[in-house]
Amino acid sequence: MKKIRNRLVLFCALIVFLWMLPAQKPMAAALNDEPEQTEDEETVPGETEIAGEPVRALPELADADYVTDVFYTQTTMQGIFSNRELFFYVPKYWDLKYVYVELEYDASELIQGISSSLTFILNDAPITSYRIRYEDGSSQTCFLSIPVEQVKEGYNSLIISSYARLYEGDGCADDFTNANWLSIADTSYIRCGYDIIDADHKIAFYPYPFMSTMDDSGKGLTIAVSDQATDEELEAAMNLMADLSSETGSRNEIRFGRLSDLKSTGADRTVLVAQYQNLPAEYQDKVENKTNLSGSAAITFTDDAAGNPLLLITSENGECLIEAAYMLMDENRVRQAKGSSVAVGLGSADAFTEKRSPGKMAAGNYTIGEITGGGLSFYGPFRQEQYVYLPFSEDYFLSDAGKVTLKFRYSANLDFDRSLVTVFWGNVPIASKKLTEENTGGDELTFSMPSDVVGTTAGAIRIAFDLEIPDLVCTPRMEEMPWAYVSDDSALYLPASDGIVLTFDLKPSPFRTDGKFNDLMLIVSDRPSTEELNLYAQVVGMYGTGVEPYGAFHVKRVGEISDSDLDYNIIVAGTYTDHAFIRKLNNSLHFQYKEDGSGFVSNEQMILTDEYAQDVAILQLMESPYAPDRGILAITSVDADALSGAEEFIRDSKKRYTLTKDCVVIDKDLDTSIFQFILARTDGAEPGFLGGLSQNKQSLLFTVVATSAMLMMLIAMIIILIRIRMYHRAKDE
């Protein structure tokens, strides 16, 4: 009966809607004519009195030496109300001259230009609104000049909010169709024009001028160590390589080498990490804050002999060099260095890294309020959704203990047969619940994370309410719309998995966890060449993009280690003849070397010709044979030229993203062959007794029934035999 009643209500509503259509203007006329409005009629967002005509010409721009563009991805906005947000970043060293938006879009043929609009909102402050019209199927371009005084240093948010109507009047029929759409092209962008502020040798500007938006490839920058290159120098310098690589774009042109290599690298900016006793006199003379180099490191921002920027990090204590590198990786500490030099004491970050107790956020416990600053409000009929952006690093993977508890309330004017809340892990639906009239004042949805998302990662949890209203004909005005609210004490327990994932698809694992390097060791040859150091630097840059300071990162020469020192996640690169650890690891490689190291041996997945096997470099992820739950990345080749090809491959961000599975063969043309050798493993250990029972219920039930039946038959046979024996005994007596 309820379904029949709902269908009758919908049918009557459609009749009323169709009866109202003739009173509207024809579509073609509506696209060009102004709407009539009585004195008592309220103004709705997007109507003529609010939305102006789009600006079709490029605005006049102030002179600027540099420009930076942030592009939109192609996106389609649908429904009466829709929002798209784009962030752009303004560094400290920009002298901003102008900001404008060039927006290319296509509009649905059915959109009513007189009552549809785009509104631009910068950092939660509306700037202006433009009217939307369909124009003969052609793409349209509009421009928006953003007041420079409203742009702040750091991240800025620009929201494009669309209000798209198909019909005149107050009907909600617009949302019963997919025809009210507006598509933003990927040629749309935000452009910033700026001049450069002189850093004046202030460390607070770091990483500028060593990395900047003028050339995000890092070309001309060299990170150097002394010619003696101690392990601590390499460790500190590799940490800085990871940090500065986070600033690079489509290519990473940062060079890594020894001090004596600077002339050949063509460096016009240098970051030099060296123990004081390993510095030539000309560099020692440039060091400031020399009073306690045995217990601290001195960081000096100066110029080299050619007048180019030089950042000099030195100490008599190798551990202090590592402390100084962490200081430069910590934006909050860099901001405090107002002068051209700063002393960094050994252990100066201990209070931060060791003495503080881990809070709820670090343990995987969150609330909506902790992440967003408050609760979440949803207004309007039909599908309304918001994203909760999770504070995860790239190396995060969900464990099987994840659990969510949402607390929410909603308006009482809903059609409760069709209204519900749905939660998504990224784009994967993970739970939903129907809204009910009796729970409008307080409802709750609690669920464990489904097994199919365990071991995956997501940038956000999406919460969507379908707020359906009983009547088809309704008003779109915000104050009369249905609503829902998710309270700020809604809990998200999303602990990270403590296992390792050995695949290039999830590149930070196993070498990073919780945003920091995860017991990572580089094993370099005893006398590493510049080419070898550059390869290691590029691999560290690939895995270290976005890395935070204060991780566990070590560099050791192969002659310094034994099997008892190998409880680490290891990266090793080299040839069979030049690197002793590669020879030691050979039996564990997916593609093993021949006994003399002259080429690779074919295996079950690829037959290698002798010529081809001598010209390739192979990236191989494998489980460590030296410690449980540890991984090794071995970058192997027959000769150094092939390793140079691997380095060139890794420098290109687009090529890096093509790395997948656990083994990649790179030939001299930088073409790849990809293989999977490690069998997929489930998250966690094998099930225990109770888990085994749970996973094998049918087998267990069959076994119990069969055993019980056999036992009953045995008992029956015994009883029969006893009765026969008793019968014969009685007869004999």
Side-chain angles (χ1 to χ4, degrees), residues 230-239 242 318-319 321-323 325-326 349-350 353-354 358 362 393-397 399 455 495-504 506-526 528 532 536 539-540 542-544 547-574 579-590 592 619-636 662-663 677-679 681-686:
T230 66
D231 291 349
E232 291 84 359
E233 289 179 26
L234 289 172
E235 182 177 331
M238 288 291 180
N239 268 293
E319 293 296 324
L321 295 178
I322 299 167
E323 189 79 43
Y326 287 154
D350 285 353
T353 59
E354 297 176 4
S393 57
E394 292 181 22
D395 48 69
Y396 172 89
F397 307 106
S399 81
S497 172
D498 56 3
I500 63 171
V501 182
L502 295 173
T503 171
F504 291 115
L506 302 174
K507 216 172 267 78
S509 179
F511 305 114
R512 279 172 48 188
T513 184
D514 195 26
K516 304 176 181 66
F517 283 126
N518 176 32
D519 289 333
L520 171 60
M521 178 183 286
L522 305 187
I523 299 181
V524 301
S525 58
D526 288 330
E532 179 182 338
Y536 276 108
V539 176
V540 168
M542 176 175 69
Y543 279 99
V547 73
E548 298 174 10
Y550 316 114
F553 181 95
H554 306 278
V555 177
K556 293 289 184 182
R557 285 169 167 77
V558 66
E560 301 171 346
I561 59 175
S562 63
D563 288 356
S564 60
D565 299 324
L566 295 176
D567 188 11
Y568 291 93
N569 295 302
I570 294 169
I571 295 176
V572 58
H579 205 301
F581 194 78
I582 296 287
R583 297 194 294 274
K584 180 184 179 68
L585 200 62
N586 190 40
N587 289 337
S588 299
L589 297 175
H590 306 312
Q592 298 178 7
L619 280 62
Q620 310 187 52
L621 277 170
M622 68 199 76
E623 295 178 343
S624 174
Y626 307 106
D629 295 321
R630 298 293 193 186
I632 295 179
L633 170 60
I635 304 174
T636 58
D662 56 47
C663 184
F677 287 94
I678 302 174
L679 297 177
R681 298 188 307 173
T682 56
D683 187 72
E686 293 186 6

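We number each residue from 1, following the sequence as shown.
- When all heavy atoms are compared, the tightest approach of Ala573 to Glu532 is O-OE2, 4.3 Å.
- For Asp662 (side chain) and Phe677 (main-chain N/O), a donor-acceptor pair under 3.5 Å exists by modelled atom type.
- One finds the CD atom of Glu235 at 3.5 Å from the CD1 atom of Ile322 (value rounded to the nearest 0.5 Å).
- Put simply, the side chain of Leu566 does not reach to within 4.5 Å of the side chain of Arg630, judged on heavy atoms.
- Formation of a donor-acceptor pair under 3.5 Å by the Thr513 side chain with backbone atoms of Asn518 is not found in this model.
- With rounding to the nearest 0.5 angstrom, the CE atom of Met521 is 9.5 Å from the CG atom of Asp231.
- Scanning both residues, Met622 and Ser588, for their nearest heavy atoms gives SD-O, 3.6 Å.
- Closest approach of Ala634 and Leu589 over heavy atoms only: CB-CD2, 3.9 Å.
- In this structure the side chain of His579 reaches within 4.5 angstrom of the side chain of Ile523, judged on heavy atoms.
- No side-chain heavy atom of Phe511 sits under 4.5 Å from any side-chain heavy atom of Ile570.
- Of the possible donor and acceptor atoms, none in the side chain of Glu548 sits under 3.5 Å from a partner among the backbone N and O of Lys516.
- No side-chain heavy atom of Pro549 sits under 4.5 Å from any side-chain heavy atom of Asn239.
- Residues Ala325 and Ala236 come closest through the heavy atom pair CB-O, 3.6 Å.
- Taking OG of Ser509 as the reference point, atom CG of Leu502 lies at 6.5 Å (rounded to 0.5 Å).
- Here the shortest heavy-atom pairing between Ala242 and Val540 reads CB-CG1, 3.8 Å.
- Side chains of Leu522 and Phe553 form a contact here, defined as non-hydrogen atoms less than 4.5 Å apart.
- Closest approach of Leu506 to Gly455, counting heavy atoms only: CD1-O, 4.4 Å.
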| message | Is there a side chain to side chain contact (heavy atoms under 4.5 Å, CB included) between Lys584 and Asp563? Walk through the geometry before answering. | response | CA-CA 11 Å; Lys584 180 184 179 68; Asp563 288 356; 2.9 Å; yes

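- Using a distance-only test at 3.5 Å, with no hydrogens or angles considered, no donor-acceptor pair links the side chain of His590 to the main chain of Ile678.
- Counting only heavy atoms from C-beta outward, the side chains of Val547 and Pro508 never approach each other to under 4.5 Å.
- A distance of 11.0 Å separates CG of Asn569 from NE2 of His554, quoted to the nearest 0.5 Å.
- Counting only distance, with no hydrogens or angles, the side chain of Asp565 and the backbone of Ser562 share a donor-acceptor pair below 3.5 Å.
- Proximity of a side-chain donor or acceptor of Tyr543 to a complementary backbone N or O of Arg512 within less than 3.5 Å is not detected.
- Atom OH in Tyr536 sits 8.5 Å away from atom CD1 in Ile571 (nearest 0.5 Å).
- Side-chain contact check for Tyr626 versus Leu585: some heavy-atom pair is nearer than 4.5 Å.
- Contact annotation: the side chain of Arg557 approaches that of Pro528 to within less than 4.5 Å [non-hydrogen atoms, C-beta and beyond].
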